[in-house]
There are 2 protein chains.
Amino acid sequence: MEKNLKRMATMQRMQSVGLAIFYKNGYYDTSVDDVLKELSLSKGAFYYHFKSKEEFFISILQNIIFQKVYSELIAPFEGQENPAVILDKCLDNALETAEHNQLDNGFVLSNFMTEFSGKNETVVKLLKEIFKVWEVNLITNLQKGKTDGYIDRHVDSDAVASFLMSSYMGVRLLMVEGNPKLLRYKYIQQLRSYFKTITVKR
Amino acid sequence: MEKNLKRMATMQRMQSVGLAIFYKNGYYDTSVDDVLKELSLSKGAFYYHFKSKEEFFISILQNIIFQKVYSELIAPFEGQENPAVILDKCLDNALETAEHNQLDNGFVLSNFMTEFSGKNETVVKLLKEIFKVWEVNLITNLQKGKTDGYIDRHVDSDAVASFLMSSYMGVRLLMVEGNPKLLRYKYIQQLRSYFKTITVKR
DNA sequence: AATTAAATAGACTAGTTAGTTTGTTGCAAG
DNA sequence: CTTGCAACAAACTAACTAGTCTATTTAATT
């Protein structure tokens, strides 16, 4: 049984390092050898654990990205009252990790979507599924916000969810080559202004 | 002098076809041969007109993209009164071309920025310059809108500009693999809601 | 028609990549 | 201790890529 444990540990390590490099340089601009060099492993090890580069990447999406999206963008809402407040916190937290140039998952998704769109239907489909999870969660919480009296019941939850996801991914893109700190400040400022249009005045 | 004309025509054709393929498949995932195949031209022709693949791409940015960004996102503002109205039209027009799966330039910029970031500083610098032109134009027109009494003079023009660019690029990204028509509708709807927070009530 | 240079063709080089294959090591069970 | 297999090493293959080089075609000028 020890063997199995070691196998899991190695695979986990490979996926973790793989994600970091894929995220930094892009999937197509990262060779299997690049990842293996960082891992101090050989081709033999790689193809022992994974059938192909694509399967390796898919396993990363399923085992790492999916979980992180859940814990960063979905879990925070549980048991909370006012979705607008949580949204504010959630997005600001995400931008904070982005500001420190760390790997934030909303952006990881949009990055890979850009790269794989039109090239690999399997991966695109997976990415869309993860996006959907994020979107559905937003919509659900906005609806709950309506019944709880926080969100104006005239607002279109679907549209708000799309708008929030869009603006977040867009600002995240600008942050890559702009002034992250300033952009984060500006973004949150305008986001709050936007929130006023969907919340109930008390 | 006829030679010079032909040269120009060929280069123009190469750039036009090149952009279409680079946009569709990405720069790094497009070989020079891919472009030449579409053009029915040979390696000799390519390297007669351009020094390298990179120089070819840069010439596309300078000669095509820059001009289009100007004509689509900047020129429409000239001689107009209410910037909020023009903004609405501008972004909706851009999304309309996007809806028909055509090449819209705000998105072209964000796509290439994602691809080149961290890989080619020269290209990134150029892209940033084009972004800057867009941003400066937005800010200028928002400021003008203040003095003309259309925009609330308390709003932060810089922040609004960033927020608009962000949300646009973000929704454009979602449109690639979502329902473009629906997303466009939702986006414009929320955008108008947002505009209410920055315009002067009359 | 002959000349000349621009424009193009396409074989070739050197380097890279995903994936294969064959061989080696380490460790647990018999 | 030795057998057997999991886990890895690394040389190798085949396909692809940017860029070079030489030969050929095209078209304007004399």
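Among the candidates A/Leu41, A/Val32, A/Leu39, the single residue satisfying the side-chain contact (heavy atoms from CB on, under 4.5 Å) test with A/Phe46 is A/Val32.
Across the protein-nucleic acid pair, B/Phe50 atom CZ and C/dA7 atom P stand 12 Å apart, rounded to whole Å. The interatomic distance linking A/Asp29 (CG) with C/dT16 (P) rounds to 13 Å, in whole Å. Rounded to a whole Å, the CG atom of B/Leu36 is 12 Å from the P atom of D/dG19. As a whole-Å value, the separation of A/Tyr48 OH from C/dT24 P is 19 Å. Atoms CG (A/Leu41) and C1' (D/dA6) sit 14 Å apart, rounded to a whole Å. Distance, A/Lys37 NZ to D/dA9 P: 15 Å, rounded to whole Å.
Ring pair A/Tyr23/A/Phe112: centre-to-centre distance not below 6.0 Å.
Proximity of A/Phe56 to A/Gln15: side-chain heavy atoms (C-beta onward) are separated by under 4.5 Å at one or more points.
For the helix from C/dA1-D/dT30 to C/dG30-D/dC1, the terminal axes (five pairs an end, C1' atoms, rotation from four pairs onto the next four) enclose an angle of 10°, given to 10 degrees.
Taking side-chain N and O atoms only, A/Arg7 has no distance below 4.0 Å to OP1 or OP2 of D/dA6. Under 4.0 angstrom from either OP1 or OP2 of D/dC8 there lies at least one side-chain N or O belonging to A/His49. The side chain of B/Ser42 contributes an N or O atom lying less than 4.0 Å from OP1 or OP2 of C/dA9.
By the ring-ring contact (aromatic ring centres under 6.0 Å, His included) test, A/Tyr27 pairs with A/Phe22, A/Phe57, A/Phe116, sequence neighbours left out.
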Atom pairs under 3.5 Å, N or O on each side, protein against nucleotides 18-20 of chain C: can you list them with distances?
{"unit_1": "C/dA18", "atom_1": "OP1", "unit_2": "A/Lys53", "atom_2": "NZ", "d": "3.0"}
{"unit_1": "C/dA18", "atom_1": "OP2", "unit_2": "A/Val32", "atom_2": "N", "d": "2.9"}
{"unit_1": "C/dA18", "atom_1": "N7", "unit_2": "A/Lys43", "atom_2": "NZ", "d": "3.4"}
{"unit_1": "C/dG19", "atom_1": "OP2", "unit_2": "A/Tyr47", "atom_2": "OH", "d": "3.1"}
{"unit_1": "C/dG19", "atom_1": "OP2", "unit_2": "A/Lys53", "atom_2": "N", "d": "2.9"}
{"unit_1": "C/dG19", "atom_1": "N7", "unit_2": "A/Lys43", "atom_2": "NZ", "d": "3.2"}
{"unit_1": "C/dG19", "atom_1": "O6", "unit_2": "A/Lys43", "atom_2": "NZ", "d": "2.9"}

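No side-chain donor from either of A/Thr140 and A/Asn137 sits under 3.5 Å from a side-chain acceptor of the other.
Between B/Asp33 and B/Lys43 a salt bridge is recorded (basic side-chain N to carboxylate O distance below 4.0 Å). Taking 4.0 Å as the cut-off between side-chain N and carboxylate O, B/Lys186 and A/Asp156 do not count as a salt-bridged pair. Salt-bridge formation is detected for the pair B/Glu135/B/Lys132: a Lys NZ or Arg NE/NH1/NH2 atom is positioned less than 4.0 Å from an Asp or Glu carboxylate oxygen.
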task = Applying side chain to side chain donor-acceptor pair (under 3.5 Å), run through B/Ser167 and A/Ser166 and close with a yes or a no.
result = CA-CA 5 Å; B/Ser167 65; A/Ser166 296; over 6 Å; no
